[in-house]
Each structure stands twice: as C-alpha cells, then as structure tokens.
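This report refers to the structure that appears directly beneath it.
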Amino acid sequence: MSLKILNILLADDDEDDRWLFQKALSDLKIKTNLSLFKNGKELMEHLIRTETTPHLIFLDLNMPLKNGMECLTEIRSSCNLKAIPVAIYSTSSSEKDIENTFVNGANIYINKPSNFADLKNAIDKVLQLNWQYHTSNLNKDNFLFRI
Amino acid sequence: MKIYVTFNLNITRNAILKEQLDRLGFDYTIENTQEISFKNKLTTEQQLVLAESLSTYGITIIDDQKTELVQRIKDTINEMLADEEANLYKISSYLADKLNYSYAYLSNLFSESTYTSIENFVILKKVDQAKELIANTDLTLTEIAYRLNYSSVAHLSGQFKKTTGLTPSTFQKIIKKRKEFNI
Amino acid sequence: MDFNGIISSTKSYKIALVIAIALLLLLSSISYRQIINMRNSADLVSGSLLVDKEINNLFSKFSLIEASGYKSLIVNDSTFKDTYSVYKNEAETSFKQLAKLTQDIPEQRQYLDTINHWRDSLDISLNNINNYRGLLEEDVEDKLMAEVVKMASIFQKLASLKLGMSQKKDVLFRERINAYKTETFFTPFISLLLVLFSLTVFLLAFVKINNSRKELLSAQGFVDNIISNSNNLVNYFKPVTDDNGKVIDFIFEYSNNKIEEITGIPAQQIIGTKLSESFPLTMTNGLFEMYVTCLNTGKVSQLTRPYTFKEEEVWLKSIVSKLETGVNVTTIDVSQEKHASENLKKLNESLFLKNAILNNAEVVAKIGSFTSYPEMGVTDMSDNLYRLLGVKPGDFEPCLENLMTYVHPEDVQKFKKSFAKGLSSKGTTEVTYRIITKDRKRRYFKSTTLMIVENGTKKMVGVIQNITQSIKKDKKLEQKNKALKLSNAELESFNRVASHDLQEPLRKIQMFISLLSETERNNFSEKGLNYLDKIDNSAGRMQLLINNLLTYSRIDNTLEDIQAIDLNNKMKKVKDNLSESIKESNITIVENNLPTINGIPFQIEQLFTNLISNAIKYKKLTEGALIVIDATKVKPNQLPTPFKNTENAYYEIKISDNGIGFEQENAEKIFNIFERLHQKTEYSGTGIGLAICKKIVDNHHGYICATSKIGIGSTFYIYLPV
C-alpha cells in the first residue's frame with residue numbers, strides 16, 4: 001500500500017500566507033489534500049460538520065472572529081477532535097506565546113519563515129513528524145516540536 | 001479525578017489481535033509484532049472482514065512487501081534501542097545483519113516510504129524515549145543520557161533541542177503544566 | 001576610727017575622775033575619823049584603868065593611915081607623926097593624879113571633892129589625936145576617944161566613897177569598853193572598803209588608760225598611713241636663718257611617700273636636705289617666698305606651679321600653713337585637672353565650632369530645631385527655625401503657641417494632636433503639616449519630636465524640616481511615574497507592533513523576494529537581479545533590526561528566572577549557536593577558568609553570543625582570529641571606578657580578541673543603542689548588539705566596559721556579582 005493522501009487544514013486570515021502555504025505544500029512530495037479557512041470560526045464550523053477526521057491542522061494565532069488559541073482550546077476539549085495533531089503557524093516568536101500554545105495542547109509550533117524555501121522545509125518536516133507519529137508507535141502525549 | 005496510564009504496546013496489540021482473530025475463528029500464530037501466520041489461506045472475503053475489524057483499533061493489514069520491510073526496519077531499530085548490548089553496533093551493520101539486506105537498499109527503501117532517513121528515525125526514536133523518561137520519571141538528564149547511551153548530557157540536550165526545537169527543561173516544564181491543566 | 005567617741009568620752013572620764021577622787025576623800029576622812037575615834041576610845045579605856053589603879057592606890061594610903069593611926073594609939077608610937085606625913089604626901093600625890101585623870105568626869109570629881117573634904121577632916125582628927133596623946137589630961141582620954149570615933153566615922157565615909165567611885169568607874173569602864181569594841185568592829189571594815197574602792201578605781205583607770213593607749217597607737221598609725229599614702233604630698237619644713245635671723249632656706253623635716261611618686265626621689269633621700277638644693281626651682285617660682293610669708297604671718301596660702309619631673313610636666317598645687325616653728329606644706333598633683341581644664345577649653349572651642357556647623361547645617365538642610373521643657377514651660381528655638389518661618393531669629397517669644405500661629409489653619413488640629421501624642425509617648429513622633437510664612441508663602445514642614453528624660457527633667461527635642469521641595473519632587477515623581485507607566489504601556493504596544501504587525505509585512509516582502517529569486521530568476525535582467533539582491537539585503541537588515549530591538553526591549557529588569565549557570569556549558573551552547581560563523585571565519589576560541597554564575601540563562605547566552613559574534617564580526621581579514629575568555633574573582637576595590645558596586649566579590653570575565661579594535665575614546669559609546677563606529681557596508685550590524693549586552697549586564701547588577709587599540713584588538717570586561 002502506498003502512502004495515503006493526508007488531509008490537512010489551514011486556518012489563516014492572511015490571503016498571501018494561505019496562498020504561499022498552499023504553494024509550498026504543493027511543491028512537496030507528500031500527497032496532501034489541503035482545506036483553507038479564513039478564520040477560526042470557519043475552521044471550527046467545518047470541523048463540526050465534516051465526517052472525515054483531518055490528519056493535521058495548521059492554526060494561525062492572530063485571526064479575527066476566533067483566534068488560533070480559542071480554536072486550539074476547543075479542539076482539545078472536544079472528544080471527537082482532541083486526537084487531531086495541531087500545528088501552530090504564527091509570526092510570533094515570543095517564548096510566552098510558544099509555551100502557552102504547547103501547554104494548551106499544540107503539538108508543533110512553526111514560526112512563519114521569511115523565506116519560501118524555509119517554509120517548504122518547515123511544512124515538510126511537520127508532515128514527516130506527523131507521519132512518524134501516526135505510523136511508528138511514538139508517544140503522542142509527547143508530540144511536541146518547535147520549528 | 002484523573003489517572004495516567006502507560007501502555008506496553010506489544011501486549012496491547014497482541015491482546016487485540018488475539019481477541020479479534022479468535023472472534024473470527026481463525027487458526028493462527030502471532031510470529032512477531034508485525035507477522036501473523038495462518039494455517040489456512042484466507043479468502044478475500046475473510047481478509048476484508050479481518051481488515052475491517054482490525055481497522056477499528058487502528059491496525060492495518062500490510063499487503064505491500066516494501067511496507068512490510070519498512071515496518072521490520074522500524075521494529076529492528078526498536079529492538080536495537082531496547083537492547084543495551086546492541087547499542088554497541090553501528091545501526092547500519094546491525095540492520096543489514098538482522099534483515100539480510102544491504103544497508104544502502106534498506107536506507108533507500110526507508111527514505112522512500114517514510115520521507116525520512118533511518119538515521120533521523122533513530123534519532124527521533126531516541127528523543128521520543130528521552131521525552132518519555134523526562135515526562136514520566138524523576139530521572140535526571142544525566143541519568144537519562146546514560147540510560148539512552150548518550151556520550152554526555154550535552155549530547156542529549158543538543159540532539160533533543162535540534163530535533164524538537166525545545167530544550168529538555170522547556171519540554172519538561174510544558175509537560176508539567178499540561179498535567180496541571182489536565183490536558 | 002571613731003574619733004568622736006574618743007573625744008566625747010574624755011568629758012565623761014573627767015566627771016568619773018572627780019567622782020572617784022571625791023569618793024576616795026570621803027572614804028579616807030571617814031576612815032581617819034574612825035581611827036581617831038578608836039584611839040580616843042582606847043585612851044578612855046586605859047584612863048578608866050588608871051583611875052581604877054589610882055582609886056585603889058589612894059584608898060590603900062587611907063587604909064595605911066588608918067592602920068598606923070590605930071597602931072600609934074595602941075602602942076603609943078611616937079613615930080606616927082612621921083609615918084603619917086609620908087602617907088599623907090603619898091595620898092596627896094595619888095589624889096592629885098586621880099583628880100587629873102577624872103577632870104572630864106564630873107561625877108568622879110564630885111566624889112573627889114567630898115574625899116578632899118573628908119581628908120582634911122581626917123587630917124585635923126589625926127593631928128588632934130597626935131596632940132592629945134602627948135597631953136596627960138583627964139579629959140584627954142575623952143577627947144581622944146571622941147577624936148578616935150570621929151576618925152573612925154571619917155574612914156567609914158571614905159570607904160563608902162571608895163565604893164561609890166569604884167562603882168562609877170566600873171560603869172564608865174564598861175561603857176568605854178563597849179564603845180571601843182564598836183570602834184574596833186567598824187574601823188577595819190571601813191579601811192577595807194577604802195582599799196577595795198581604791199583598787200577598783202585604779203583598775204578601771206588602768207584598763208581605760210590601756211585602751212586609750214591602744215586607740216591612740218592605732219589612730220597614730222592611721223594618721224601616719226593617711227599621710228604616707230595620701231594622694232597629696234605632705235612636707236614639713238623647718239626654716240634656716242642667717243645670722244640676722246632672716247629666713248634664707250628651708251629644710252625637709254618630713255616628707256611622705258608621695259614625693260617619690262611625683263619626683264622620683266625617695267622620701268628618705270629628701271628628708272634633711274635643703275629646699276634650695278633639692279628643688280632649686282622653688283626658690284624662684286614664688287614658693288619659697290610664700291613659705292616665708294606663711295611662717296611670718298601664719299596665714300594659709302596656696303600656689304599652683306608647673307614642674308618637670310621624670311621628663312614630664314607636672315602641675316603642683318602647694319598649700320602652706322604654719323605649724324609650730326615650721327611650715328606644713330600639702331602639695332596636690334593637679335596635672336589631670338589642669339589638662340582636663342585645658343581639654344575642656346578645647347572641647348568648648350570644638351563645641352562652639354560644632355554649634356556653628358550645626359547652625360550652618362540647619363540653614364543648608366532647611367532644618368530648624370527646638371527644645372521644649374513641658375514641665376517648666378520653657379522652649380528654645382533654633383535661629384534657622386525662625387528663618388524657615390520667614391522671620392528674623394528671636395522675632396517672637398520662643399513658645400509653641402507662637403509657633404502655632406504660623407501653622408496653616410487646616411493643619412492646626414493635626415499639629416496639636418501630634419504634639420500631644422509626642423508629649424505622652426516615649427519614642428519619636430512625626431507629623432507633616434503646612435505653614436504659612438510671614439511673607440505668605442506656603443511651606444510643608446515635617447516635625448520629628450522625641451521625648452527624653454535627662455536628670456529627671458522631661459525634655460522634648462524636635463527637628464523641623466522644610467520638606468516643601470521634596471513634597472514638590474514627590475508630586476513630580478508621581479507624575480513622572482504615571483507618565484512612565486503610560487510610556488511602558490506604549491512600549492509594550494510597540495513591542496507587539498514590532499513583533500507582529502511590523503514583522504508581518506516585512507516577512508511577506510522577504511517571502512516574495514525569495515519566491516521571485518527562486519522561481520523568476522531567469523526572467524530578470526542582471527540589473528534586475530542586482531536590485532532584487534539589494535531589496536533582499538535591506539529586508540534582511542530590517543528584520544535583524546526588528547529582532548534586535550525586540551530582544552533589547554524584552555530584557556526587562558526582573559530577575560525572576562535567576563539560576564546558577566555554568567559558563568563552560570553556556571559557552572559550549574554559544575559556540576554551538578555560532579558554529580557556522582565560527583567555522584566560516586576560522587576563529588579559535590580559548591576559554592580558561594569559567595565560573596558558575598547566577599543569572600537568567602537566555603540573557604547570559606545572548607550576552608556571550610553577542611560578544612563572540614561581535615569579535616567574529618570585527619576580526620582582521622589578514623590573520624587567524626583568536627578569542628580568549630578568562631575569568632577571575634575580584635574584590636570591589638579592583639573594580640573600575642564608574643561602577644557603583646554593592647556586592648562583596650565579583651567575577652571579572654575578560655573577552656579579548658585580536659580583531660581590528662577601535663579608538664579607546666569610543667569605549668563608552670559602543671554600548672549606546674544605535675551607536676555604530678563603522679560604515680554599514682563594511683561590517684554588518686544593527687548597533688544594538690552591545691547595547692543589549694550592556695542592558696543584560698546592568699540587569700544582572702554587573703558592569704561591562706571595554707578597552708581597545710586599533711589594529712591590535714579589543715578586550716571586553718564583564719563584572720558580575722559572585
């Protein structure tokens with residue numbers, strides 16, 4: 001059996017970032033199915049509606065209507081969603097922000113890179129890690145990475 | 001109230017397999033963590049039923065020779081990491097010896113199907129073990145470094161930081177806080 | 001020693017002595033009279049016995065006369081006349097004797113008178129008889145017979161008289177014997193009494209005298225002891241005169257031990273010497289003259305003069321008084337008093353000076369003071385207190401009521417209350433109030449009062465401080481604090497802006513640049529690519545700037561996460577972080593003796609990262625770069641002077657490089673934010689790196705400085721508390 005197609009969600013209010021993310025993802029070898037959301041509210045509504053559980057959610061922190069942190073908290077407190085790995089995708093490099101998201105259940109923290117190549121590498125690494133955590137008997141409780 | 005549990009995945013897996021295989025009335029032997037041999041050849045229908053019932057537990061039947069080999073590489077790495085004496089070997093020769101394939105072939109195959117190298121996987125695995133020990137025991141970093149066959153604490157810390165992007169102490173702090181917040 | 005006892009007892013002894021003498025005289029006279037009486041008694045007894053003998057003698061003569069009369073009659077003895085004459089004379093002698101013996105006894109004398117009468121009668125009869133016997137007349141017989149009868153009756157009468165006399169004598173004798181017996185009984189008794197009493201008086205006198213002698217001895221010793229051990233030098237001088245009787249010198253007659261203590265010469269050596277020889281100075285410093293005057297006038301006088309003994313100046317006060325033919329001189333060492341008075345003088349001077357300083361200090365410090373004696377209703381106020389109130393010193397009576405008139409009406413109650421509290425409490429009381437000066441200026445005063453009890457007198461001392469300026473400053477400070485809080489909030493929002501809002505567009509610029517150069521490289525002209533590179537560089541610089549600024553602003557002065565940091569480990573990490581540029585620039589880093597310090601790990605890491613990357617950045621392009629890191633412990637006195645240190649020991653961490661260096665005059669400038677010594681293009685940098693270092697070190701209560709020489713290299717010194 002070859003690799004499955006990964007279901008990936010991204011919530012980011014910045015159109016350019018969404019576009020860049022999509023472009024970077026499409027340049028990678030891993031086959032993915034990316035759904036984009038303009039804010040946290042849209043994302044949460046989708047999560048509640050859909051039946052297919054995504055393999056990974058990318059969350060920007062600073063978003064209108066519902067920010068990334070609120071989404072994270074909601075996901076972690078929902079029985080159906082709590083197992084989904086969440087990667088925070090933010091500009092903030094504040095240690096406080098980073099620690100806070102991890103404590104609240106984020107698995108991966110990505111500082112938005114300022115270079116397209118870096119962005120691709122970052123997404124690649126996240127997907128790899130996520131893959132390993134799905135396939136290699138790694139303890140998901142300790143699924144914590146900062147990229 | 002909240003309790004914390006750890007799993008012996010092998011036991012869990014074997015228990016699930018046994019339960020499901022018994023339920024379906026197969027005559028089988030669990031060879032190792034990855035292989036189950038059946039006395040009789042299964043029909044396509046039987047295979048579908050088994051695949052479905054196992055999928056409930058997140059167990060997939062691997063029907064691909066390469067995937068199977070990758071899985072065996074992973075298992076061998078796990079074995080090696082668990083075996084203190086095996087740590088003396090180089091990973092490449094250990095895998096080649098154990099699996100009877102050239103390391104170049106194994107490495108290539110592994111990278112192809114997992115998007116990562118064997119070396120990276122070993123590191124990831126070791127860091128995962130370190131995480132486990134940091135999160136669930138009171139061992140000091142020195143003790144953990146010794147246990148996981150790191151040459152020094154600095155080596156462990158360096159590899160930990162490089163792999164996870166976090167220092168062991170930050171990781172520990174986060175895990176501690178998570179437990180406090182009941183997440 | 002009870003001299004009073006001794007003195008008062010002499011009076012009683014005198015009385016006792018008088019009484020004893022009187023008693024002795026009385027007893028003696030009694031005894032004498034007793035003895036006289038006894039002798040008289042004995043005389044009387046012996047008189048009685050003589051009387052008895054004479055009575056017998058007399059009457060025996062009469063008997064002999066009678067017998068011879070009768071005999072002559074019978075035998076007609078013609079010799080009778082001669083015989084009678086003999087007996088008559090003998091009787092006469094005896095009678096006279098008896099008369100003499102009994103002249104004091106009238107009764108016996110009566111007897112004797114009667115006897116005398118009868119004797120005469122007898123004589124007549126006998127003569128008649130004798131005459132008749134020769135006559136031979138008839139009637140002679142008759143006549144003779146009559147005469148014989150008459151004679152016989154006379155003898156009979158005489159016999160009865162003898163009996164009467166004897167009886168009388170016997171009675172008297174018995175009386176006298178009795179009297180004598182009585183006398184002989186009392187006389188020894190009285191004599192014994194006299195002897196015993198005398199003995200008692202003698203014994204008492206002896207005991208008393210002995211005791212007195214002993215007391216006198218001990219008193220003598222006491223006085224001697226006092227004199228010899230006296231703190232005062234006691235001398236007795238006898239004058240030496242010339243031929244004209246003029247006093248020319250004095251001789252030491254007595255000197256106590258003190259003289260050795262003062263002069264160093266033992267008293268024995270001095271006694272007997274002349275004053276002019278032993279202490280010539282005294283002849284000229286007025287002492288000798290004083291002795292002479294005293295000797296002549298008897299007036300007590302004194303003189304204080306300095307002397308030098310044992311190479312030290314000694315002030316001696318001599319008090320001279322006349323005693324008998326010489327002068328007694330008591331000399332007191334008054335050096336200490338003299339020095340004390342000199343010290344006192346100095347002390348007074350310094351006190352005066354200090355007072356002046358205090359007054360001046362009050363003026364400078366805008367302080368006034370007062371001392372109040374609540375029990376006496378007296379208050380003293382310092383000059384400056386008046387000045388603080390805008391009046392001249394002494395313009396009003398110094399009392400609290402008058403002071404109160406200057407207190408702001410709204411604060412009078414507060415002032416009174418605090419003053420009352422100050423009076424009743426033991427410690428200090430503070431109150432802040434407003435006053436209105438004479439020229440209607442409003443001032444803030446702070447009074448600090450303290451109640452003290454000195455020599456039983458309650459005293460309130462108060463310091464009044466003009467704190468108008470500090471109150472104004474406080475208010476200003478408060479405003480500044482508010483402003484600071486505001487600007488802090490602004491800074492925080494700036495941080496947010498810088499970290500997110502500013503970075504966001506920048507990041508996107510960089511992102512698209514990277515996309516452009518990655519995907520559209522072939523569509524650009526060479527010029528275009530060049531421009532693209534320039535845009536990329538600028539964007540990169542801007543990002544670096546923002547990042548550095550953020551780092552700088554994030555170094556706040558809280559030392560919350562302070563922990564022990566092994567700098568050896570830290571350096572490893574720093575080198576790890578910088579491994580690429582270290583490899584690239586082929587730099588050698590040598591670390592020696594790095595200690596474990598207390599600090600915030602990420603800040604310390606930043607500090608060393610910045611310093612090392614700084615050294616790498618400014619390395620010489622011509623030779624191999626070398627960075628040496630050393631550390632030693634230093635004492636505060638080894639620290640650079642601008643550093644206001646507070647701890648007892650510091651680590652000095654020295655980071656030396658052999659880079660391009662800088663002008664020493666810029667050594668301080670380099671730590672200022674945005675201070676750059678080089679052209680932008682020459683060396684990359686934002687001008688914040690060292691400012692960050694300084695902020696980190698400051699935050700750790702340390703100090704950072706640098707020395708450098710162009711072309712030789714720079715050394716950065718970091719001082720951190722141990």
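As a basis for the values below, the full set of heavy atoms in this structure was taken, side chains included, without hydrogen atoms, waters or symmetry mates. In what follows, chains are A, B, ... by sequence order, proteins preceding strands, each numbered from 1.
- If you measure heavy-atom distances from Lys131(B) to chain A, the contacts under 4.5 Å come from both the backbone and the side chain.
- Neither the backbone nor the side chain of Lys82(A) comes within contact range of chain B, judged by heavy atoms closer than 4.5 Å.
- When all heavy atoms are compared, the tightest approach of Ala145(B) to Ser152(B) is CB-O, 3.9 Å.
- Taking non-hydrogen atoms and a 4.5 Å limit, the residue list of residues 65-73 of chain A in contact with chain B is empty.
- Between Leu69(B) and Leu109(B) the shortest heavy-atom distance is CD2-CD2, 3.3 Å.
- The minimum heavy-atom distance linking Ser107(B) with Ile118(B) is given by the pair CA-CD1, 3.6 Å.
- Within the 4.5 angstrom heavy-atom criterion, only side-chain atoms of Leu129(A), from C-beta onward, approach chain B.
- Of all the heavy atoms in Ala87(A) and Ile110(A), the pair that sits closest is CB-CD1, 4.2 Å.
- The heavy-atom pair separating Lys125(B) from Asn78(B) by the smallest distance is CE-OD1, 2.6 Å.
- Residue with the most contacts toward chain A among Leu124(B), Asn120(B), Ile77(B): Leu124(B) (heavy-atom pairs, distance under 4.5 Å).
- Judged as a salt bridge (Lys or Arg N to Asp or Glu O under 4.0 Å), the pairs with a partner in residues 153-175 of chain B (not counting sequence neighbours) are, in order, Glu99(A)-Lys173(B).
- Between Phe38(B) and Tyr28(B), the ring planes are tilted. Angles from 30° to 60° get that label.
- Counting non-hydrogen atoms of neighbouring residues, nucleotides and ligands closer than 6.0 angstrom, the CG atom of Asp138(B) reaches no more than 12 such neighbours.
- Of all residues spanning residues 36-50 of chain A, none has a heavy atom less than 4.5 Å away from chain B's heavy atoms.
- To the nearest 0.5 Å, the span separating CG on Asp27(A) from CG on Leu119(A) amounts to 9.5 Å.
- Residues that satisfy the ring-ring contact (aromatic ring centres under 6.0 Å, His included) test with Phe102(A), not counting sequence neighbours, are absent from this structure.
- Tyr109(A) and Asp97(A) share no donor-acceptor pair across their side chains, judged by distance under 3.5 Å alone.
- Interface remark: Ile174(B) contributes backbone and side-chain atoms alike to the contact with chain A (heavy atom separation under 4.5 Å).
- With a 4.5 Å cut-off on non-hydrogen atoms, Thr163(B) touches chain A through its backbone and its side chain both.
- Scanning both residues, Asn136(B) and Lys179(B), for their nearest heavy atoms gives OD1-NZ, 3.5 Å.
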